[in-house]
Amino acid sequence: MHELSLAESILQLIEDAAIEQKFTQVKTVWLEVGQLACVEQESLRFFFTVVTEDSIARQAKLEIIDIAGQAMCDQCHQVMMTTTYHQVCSQCGSYALHVTQGDGMRIKELEVE
């Protein structure tokens, strides 16, 4: 249920941006979520609706953009797509993979008034 705290953090970032950039209403939030970020998207959508109910982002549409997981092998430097942290390198068979993309979450864009 960490999606509740993620939704609260997203709202805090939006409210901070509203103060800094002087907008009063959020219409759409584009959120990039990595496939390796361990975020349950439907749960995040539910909690986003709950925490934004009496806020600047009330009734804002949440658009989630999936970001694929990517890793690089520390042994042979092969770059590959990955859906797990414990994948074997398809080139050399090593398990020494370093995730380079798809393990985070960030607000990409806001549509505001």
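All residue numbers in this chain count up from 1 along the given sequence. Owing to the predicted nature of the structure, the values given are computational and were not obtained by experimental measurement.
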Under 3.5 Å, side chain of [X] to main-chain N/O of [Y], donor-acceptor pair present?
X	Y	result
Q25	I56	yes
E3	E40	yes
Y85	L36	yes

Mind listing the side-chain donor-acceptor pairs of residues 68-81 below 3.5 Å, one per line with the distance, residues two or more places apart or on another chain?
none

To the nearest 0.5 Å, how far apart are [atom1] in [X] and [atom2] in [Y]?
X	Y	atom1	atom2	result
I10	L44	CD1	CG	5.0 Å
H98	T82	NE2	OG1	12.5 Å
T28	E109	OG1	CD	9.0 Å
L6	L11	CG	CG	13.0 Å
L110	W30	CG	CH2	8.5 Å
Q59	E53	CD	CD	9.5 Å

(message) Does any part of the side chain of F48, heavy atoms only, come nearer than 4.5 Å to the side chain of L31, both counted from C-beta?
(response)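 No - every pair of side-chain heavy atoms lies 4.5 Å or more apart.
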
(message) Around atom CD of Q21, are there more than 12 heavy atoms from other residues, nucleotides or ligands closer than 6.0 Å?
(response)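 Above 12, so yes.
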
